[in-house]
Amino acid sequence: MIKLDKVSKKFGTGTLALSSIDLTIENGEFVFLVGPSGSGKTTIFRLITRELLPTEGTIIVNDWDVAKLPKHKIPHLRKRIGVVFQDLKLLLDRTIFENIALPMEIAGINIIEAKNRIEEVLEQVGIAEHKEKFPIQLSGGELQRVAIARALALSPDIILADEPTGNLDMDTSWEIVKLLSLINQKGTTVIMATHNAEFINSLAKRVVSLDKGHLIGDVKKKKKTKENKL
Amino acid sequence: MKTFKTMWHNIRRSPYQALAAIMVMMLTFLAVSFLTFLIFGSAKAINYFESKPQVTAFFRNDTKQSDINELEAKLRDTESIASVKFVSKEEALKIYQEQNKNDPLLLDLVTADILPASLEISTVKIADLENVYKTLKSSSLIQEVIFQKDVVSTLTSWTSALRKVGLALVVVLSLVSVFIMATVIGVKVSQKKEDIEIMRLIGATNWYIRWPFILEGIFYGFIGAFIGWAIATGALLYSVPFLSSFLKGIPIFPVPLLFFAELLLTEFILAGILGAFSSFLAVLRYLK
């Protein structure tokens, strides 16, 4: 479970990124986090992973009080949360296999033991044939899948996907959203930040709206189109 | 295993930086090796001179054995004297023959008659040497007195000064090594800044990030120390024939192999500490 209780974040420059946000996301939920650029979507993700500390309020993730978490426990928190970064953050000098293996390597899992899990994740996101390639050799959609595969590698409880369809064409974007939906159906909590109104309107998912750091909406959409069957 | 792989990858990516780090470590440990040779060699030389009779009194050729015995007994009864050894003309010849066994011409020219008998005397305290020297010098039986106090004290002051200069040089070179290594590793860390950030965001601990860099520093240290040690040891072994004849009689050579092995081990430990410390410093600012 993720719980934000009256969370505010003010940057050193004086910019108020979030203002008194109350938000609870139960285990296994799929939530769209929507809002224009600068509305605070990425800041929420960065607060959840303790990349930033809140100026006010409490953030609870899986019984951890994130702001009060001792520094040495931060890696434990981050291993339980898979993040698909907006800029992907793949290591360009490592192969796709090595990129996906990285979280397991960091967790101290023997790569030979982890091999099966990596193969499984590669199959799951549909890029098994690219495992020996380097990121520069892949298309935008394929890279997005690599980022999702890396986020999945440690079977996290939560996936935070920050604009995973931002630079993709519509067909590829739908494939990515389908993939995240499938992951969610297997029990992983998924929070996806997006601008794309089509996904939000087409899928019967919870939609949390932000604007200029304020929470302005939190609704559960009803099924409308065939994509709702996902 | 992966840590070693990452370390090796980092080294191969920037061979010139690796070379600079190894060279500076090599210089430091070349100095350490030469200083160690100097310290141990001079210690052996000083021991040798200190253990030699500190005053040697040569008798006149016409001195009677009974007079010599009387003087020897008198000296033995003196409290300040640690030992007295009588060296007869025949024994002096044997010593001469041993020292010049490779030169038959010198052996032919000398007989026991022309070599003086002598007394080799050492005192408990070095301060008493002066009195013994004066007493013997005033004796009518004695032709010449050799007093080694000056040799030892000159050698001690020279080696002490050399040790100080050498140690200062090693300290300065070690500091230079640490700074250059920290700079080299720092550049590498800086190049990997984004990768480090990514690793941290997906749950890497600081030590997971640090280890490859620390191992890299230790690697440079080991390689540099080994090359420095090998050059210094090679140079010493090459100079053994020259040094042996130069330091004739002083039992420094042959240097035991164990000494070289111990020196290498000590240098590896020092190099490991220097390398690890430099890398730790370099990574520190990126992992606050």
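Below, read A as the first sequence line, B as the second, and so on, with proteins coming before strands; counting in each chain starts at 1.
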Neighbour count >12 (heavy atoms, 6.0 Å) for atom [atom1], [X]:
X        : atom1 : answer
B:Glu194 : CD    : no
B:Phe40  : CZ    : no
B:Trp207 : CH2   : yes
B:Phe277 : CZ    : no
A:Trp64  : CH2   : yes
B:Phe226 : CZ    : no
B:Met23  : CE    : no
A:Lys79  : NZ    : yes

Candidate list A:Leu102, A:Ile81, A:Thr49, test side chain to side chain contact (heavy atoms under 4.5 Å, CB included), partner B:Ile202, passing option: A:Leu102

For B:Lys192 and A:Asp93: C-alpha separation, side-chain torsions, deciding distance, then whether side-chain contact (heavy atoms from CB on, under 4.5 Å) applies. CA-CA 11 Å; B:Lys192 290 245 162 201; A:Asp93 60 348; 3.5 Å; yes

Is B:Ile209 close to chain A through its backbone or its side chain, or both, or neither, when contacts mean heavy atoms under 4.5 Å?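 Neither part, no heavy atoms under 4.5 Å.
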
Against chain B, label [X] side chain, backbone, both or neither, depending on which of its atoms sit under 4.5 Å from a heavy atom there.
X       : value
A:Arg46 : neither
A:Glu51 : side chain
A:Arg80 : neither

Using 4.0 Å as the upper bound for N to carboxylate O, is an ion pair formed by A:Lys89 and B:Asp195? no

How long is the gap from NE2 on A:His76 to OG1 on B:Thr205, to the nearest 0.5 Å? 8.5 Å

Rounded to the nearest 0.5 angstrom, the CD1-CZ distance for A:Ile106 and B:Arg200 is 11.5 Å

Verify side-chain contact (heavy atoms from CB on, under 4.5 Å) between A:Arg150 and B:Ile198, making sure each step is shown before the conclusion. CA-CA 12 Å; A:Arg150 187 183 63 188; B:Ile198 293 170; 3.7 Å; yes

In terms of heavy-atom contacts, A:Pro75 and B:Ala204 come closest through CG-O, 4.0 Å

Would A:Leu91 and B:Met199 count as a side-chain contact (heavy atoms from CB on, under 4.5 Å) if you check the C-alpha gap in whole Å, the side-chain angles of each, and the deciding distance to 0.1 Å? CA-CA 9 Å; A:Leu91 299 182; B:Met199 287 182 197; 4.2 Å; yes

